[in-house]
Amino acid sequence: MGDLDPRAFPLRGRRVVLGVGGGIAAYKAAELARLLMGAGAEVRAVMTPAAREFLTPLTLQTLTGHPVGTDLFDLGQESEIGHIRLAEQADLVIVAPATADLLARMASGMANDLLTTLLLVTRAPVLLAPAMNVHMWSHELVQENVRRLVGLGRIHLVGPDDGWLACRMTGPGRLAEPADILEAAGRLLVPHDLAGRSVLVTAGPTHEALDPARYLANRSSGKMGYALARAAAARGARVTLVTGPTALAAPLGVAVVRVTTALELEAAVSSRAAEQDLVVMAAAVADFRAARAATKKLKKATLGATPTITLAENPDVLAGLGRARAERGARLPVLVGFAAETGRVTDEARRKLVAKGCDLIVGNDVSRRDAGFATDTNRVTIVGPGKKLARVPLATKDEVAHRILDAAAALVSAARK
Ligand code: CTP
């Protein structure tokens, strides 16, 4: 696993049913429950009778904060948990560990315990994490059952891993690492609505040199743009990230183009814009540069008491893309800009939407401590066609990135029609 960054698949507010089968790896379900909760998912655990031989319901109840479903015919549990509703409302069902017995019962459509019943009711995607003895896993009947289940299209597999097994053998059959199951779960919950599309994202500040030692810059950390690049890749896009200087690691699965100045950023973006379906300008491009950058360090003694720097205006890259698209009479690329404001965010976002000729403007208040520059969270207002508004309350930048892409991907598919 891991060709993309797991942060690109946020799980906040998603309803996950964690089904636990009866195998020694059941103890790892506790760790998985913890990771799912940590990622913000709402987790309900269901255990088979055999699973309870390996792990107590109390463990999962304590971790998830909800009663654990164990018995199909227990009226008390039924009224408390409402299994059918649980199955209907789930966004995803994970079965970990999926034992040979569970796979066989699932493949033959049986509903002889709570978990298999729930699996027949749910319409949500199902993620199976098998774990068993190496010979059991390679048995033709087990393989046949797995093929049958995966062939249905809605049932997916993570693992099993190759390694040391509790039966003191080595080989395939080990439960996938809980972190890998978490990532696979996230992938299933993120829409693939940018599959096959080309997306260019800009991020970070630009540095405008005054002399070889000094530059003009701003507080942008690049976090929002990098989150957008990650999220677009998670949704299946071919992503190019044009980034100004940042301290961030290059996102996985994304082509990175590094620039320093606004002029370099403009060249990198405009040469690639025509082949994009979507351009998201999250970079905080400097509006001005030094009219003439000194080639040698400016010395205090020669500058006089209060030196004056003469500035020249940088091109507005986003407005340029808007004009170029209008001249071509094209609908693509869809153009998304940001409005970094310290007040009147919505009004300014609306004004910039028109002034720059783009399709969406994401307004954020950079004067707040929990939003805007250099934070891990953001709270934005998205202004769209007809100046319609959508507010995204405080969330991680990865989550905000997905909400922005929800709106942008819809515009891309409308423009493609
Ligand atoms: N932008 C751009 N080129 C510039 C300046 C900004 O492409 N020279 C883009 C930004 O990437 C962002 C949007 O325009 O998507 C708005 O940037 P912002 O700094 O909020 O606005 P400005 O146009 O610079 O206006 P002002 O500074 O007056 O608010």
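For ligands, and for the atoms within them, numbers begin at 1 and follow the listed sequence. All figures in this text were calculated on a predicted structure; none of them were measured in a lab.
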*Would you mind running through ligand 1 and noting each atom that sits below 4.0 Å from a heavy atom of A339?*
20 (O)
*Show which atoms of ligand 1 fall inside a sub-4.0 Å distance from at least one heavy-atom site of G337.*
15 (O)
Sidechain N-carboxylate O distance under 4.0 Å for [X], [Y]:
X    : Y    : answer
R147 : E144 : yes
R85  : E88  : no
D406 : R235 : yes
R351 : D347 : no

Could you tell me the residue and atom name of the protein heavy atom closest to [atom], and the distance to it rounded to 0.1 Å?
atom                    : answer
atom 27 (O) of ligand 1 : D287 OD2, 3.2 Å
atom 11 (O) of ligand 1 : A283 O, 2.7 Å
atom 3 (N) of ligand 1  : V317 N, 3.0 Å
atom 7 (O) of ligand 1  : L318 N, 2.8 Å
atom 13 (C) of ligand 1 : F338 O, 3.0 Å

*Looking at atom 17 (O) of ligand 1, is any protein heavy atom nearer than 4.0 Å to it?*
yes
*Examine distances only and state if a side-chain atom of R187 and a backbone atom of F9 form a donor-acceptor pair shorter than 3.5 Å.*
no
*Would you find a donor on one side and an acceptor on the other, under 3.5 Å apart, between the side chain of R154 and the backbone of A124?*
yes
*Do the non-hydrogen side-chain atoms of P205 and H207 ever get within less than 4.5 Å of each other?*
yes
*Out of K356, E341, K352, E348, whose heavy atom sits nearest atom 29 (O) of ligand 1?*
K352
*From the options M281, E266, R351, R289, select the one whose nearest heavy atom is closest to atom 15 (O) of ligand 1.*
M281
*Any side-chain donor-acceptor pair under 3.5 Å between Y215 and T261?*
no
*Distance-only polar pair, side chains of R238 and S198, donor-acceptor under 3.5 Å*: yes
*Please work out whether any backbone atom (N, CA, C, O) or any side-chain heavy atom from C-beta onward of P315 is under 4.0 Å from ligand 1, and answer side chain, backbone, both or neither.*
backbone
*asked:* I'd like to know whether ligand 1 has A340 as a neighbour, heavy-atom separation below 4.0 Å.
replied: yes
*For A319 and ligand 1, does the shortest N/O to N/O distance drop below 3.5 Å?*
no
